[in-house]
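The structure appears right after this line, and notes come after that.
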Number of protein chains: 2
Amino acid sequence: MKNDESKPIYTISDLAQAFDITTRTIRFYESEGLLQPQRAGQKRLYGHGDFVKLKLIVRGKRLGFSLAESKELIEMYDPQHNNQDQYQKVLEKVQESRTRLEQQKRDIETMMRELDAHEARVRHAMESLS
Amino acid sequence: MKNDESKPIYTISDLAQAFDITTRTIRFYESEGLLQPQRAGQKRLYGHGDFVKLKLIVRGKRLGFSLAESKELIEMYDPQHNNQDQYQKVLEKVQESRTRLEQQKRDIETMMRELDAHEARVRHAMESLS
DNA sequence: TCTCAAGTTGACGTTTACGTCAACGTCATA
DNA sequence: TATGACGTTGACGTAAACGTCAACTTGAGA
């Protein structure tokens with residue numbers, strides 16, 4: 001019975017500053033269906049839910065997710081959009097995401113090891129001409 | 001004194017199959033300066049070095065690296081391209097890469113926790129109407 | 001010798017994720 | 001009242017990362 005989306009209100013430039021993106025980008029995300037802010041006249045007003053969605057989007061970008069993928073995640077988390085007969089599909093999507101993230105984790109560990117090895121090589125080469 | 005780039009020879013379609021990409025993509029990478037295969041007449045011939053570079057590129061793509069970034073990594077690993085007075089820069093790039101990967105690792109862990117939490121919510125909701 | 005699979009080089013098209021610019025509305029305040 | 005600062009809606013431009021297509025060559029096998 002809780003009416004979320006109430007308290008903290010942000011302007012578009014608040015969010016732009018908070019996430020270090022442009023207002024143009026935020027409007028673009030809206031046009032792509034990733035955000036649906038309130039309006040006060042024609043001005044957009046963003047609430048906590050929008051803040052959370054944006055956080056998910058920018059984090060997704062750091063991990064190479066497309067906007068379409070982030071949109072899917074947002075919808076997956078959205079309690080409106082997933083009614084009873086979709087629970088199973090949600091669980092499958094959760095599992096897909098996990099699989100992908102695990103692959104990325106392995107990739108990161110491999111790259112880290114290669115970076116360590118390369119740093120060692122370079123340091124060794126530097127020493128051998130001091 | 002070791003002459004690398006000798007033994008295993010691949011055709012362009014060998015590599016396309018091995019990495020599940022198209023030959024068009026491989027030629028595109030070459031045109032962007034990421035690969036420089038040998039030629040037999042006008043046919044391209046790829047060696048072990050090219051294989052390794054491609055592996056780095058596709059892994060990079062899974063982590064959201066641009067081709068320009070993968071190219072930088074390839075050049076960083078290339079012993080030709082980094083002579084004495086560039087050692088310091090190489091070490092800085094290694095450190096940059098590490099920083100980025102560590103951020104991604106944190107992002108992954110956060111997302112994993114959120115996925116776990118969401119799965120729990122969904123499962124609970126499913127039970128409460130069995 | 002024919003042919004067929006595999007490879008090659010342009011040239012052009014496409015999708016994604018925004019940037020840029022113009023033209024306009026709307027407040028708060030000097 | 002006018003002058004910014006901030007916001008809005010199109011319309012168009014752009015860079016990256018390929019895909020698609022056409023027109024051609026080349027080598028191995030029937």
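Just so we're on the same page: letters track the sequence lines, and every chain starts at 1. The analysis underlying the following values was restricted to heavy atoms, covering all of them including side chains, and did not include hydrogens, waters or symmetry mates.
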Open item on the list: Nearest whole Å is fine: how far is D/dC18 C1' from B/L35 CG?
Closed with: 15 Å

Task: Given DNA chain C, 5'-ward residue of the pair A/Q42 and A/E32, judged by closest heavy atom - done: A/E32

Open item on the list: Short of 4.0 Å, heavy atom to strand atom, which residues of residues 54-65 of chain B count as contacting DNA chain D?
Closed with: B/K61

Open item on the list: On the nucleotide C/dA17, are OP1 or OP2 found under 4.0 Å from the side-chain N or O atoms that A/T25 carries?
Closed with: no

TODO: State whether B/K93 and B/E72 are salt-bridged, where the test is any N-O pair (Lys NZ or Arg NE/NH1/NH2 against Asp/Glu carboxylate O) under 4.0 Å.
DONE: yes

Task: Row check, A/F65 ring normal vs A/R100 NZ/CZ: under 6.0 Å, within 45° - done: yes

Task: Pair B/R106 + B/E102, salt bridge at N-O below 4.0 Å - done: no

Open item on the list: So, OP1 or OP2 of D/dC18: does either fall under 4.0 Å of a side-chain N or O from B/Y29?
Closed with: yes

Task: B/R39 side-chain N/O to C/dT9 phosphate OP1/OP2 under 4.0 Å - done: yes

- [ ] Quickly work out the B/F28 CZ to D/dG19 P distance and round it to whole Å.
- [x] 10 Å

- [ ] Using only side-chain N and O atoms of A/T22, determine if any of them is under 4.0 Å from OP1 or OP2 of C/dG19.
- [x] yes

Task: A/Q95 CD: over 12 foreign heavy atoms closer than 6.0 Å - done: yes

TODO: Remember a base hit wins even if backbone is also touched, and classify B/T23 as base, sugar-phosphate or nothing at under 4.0 Å, heavy atoms.
DONE: nothing

- [ ] Starting from P on D/dC18, measure out to CD1 on B/I12 and report it in whole angstrom.
- [x] 14 Å

- [ ] Would you mind classifying the nucleic acid contact of A/R44 as base, sugar-phosphate or nothing, using non-hydrogen atoms under 4.0 angstrom?
- [x] sugar-phosphate

Open item on the list: Counting distance alone, no hydrogens or angles: does the base of C/dT20 have a donor or acceptor under 3.5 Å from a partner atom on the side chain of A/R24?
Closed with: yes

- [ ] For atom CD of B/Q17, decide whether the heavy atoms of other residues, nucleotides or ligands shown that lie under 6.0 angstrom number more than 12.
- [x] no

- [ ] In plain terms, say whether A/K55 and B/E114 are close enough for a salt bridge, that is, a side-chain N and a carboxylate O under 4.0 Å apart.
- [x] no

TODO: Respond yes when some side-chain nitrogen or oxygen of B/T11 is under 4.0 Å from OP1 or OP2 of C/dA6, and no when none is.
DONE: no

Task: Exam field: side chain A/Q36 to backbone A/G33, donor-acceptor pair closer than 3.5 Å - done: yes

TODO: Take the protein atom NZ of A/K43 and the nucleotide atom P of D/dA5, then report the distance between them rounded to whole Å.
DONE: 15 Å

Open item on the list: Please report the distance, rounded to the nearest Å, between CG in B/L34 and C1' in D/dA17.
Closed with: 11 Å

- [ ] Can you tell me the distance, in whole Å, between the CG atom of B/L45 and the C1' atom of C/dA6?
- [x] 13 Å

TODO: Figure out the CZ/P separation between B/F19 and D/dC18, and round it to whole Å.
DONE: 14 Å

Task: A/R27 CZ to C/dC21 P, straight-line distance once rounded to whole Å - done: 15 Å

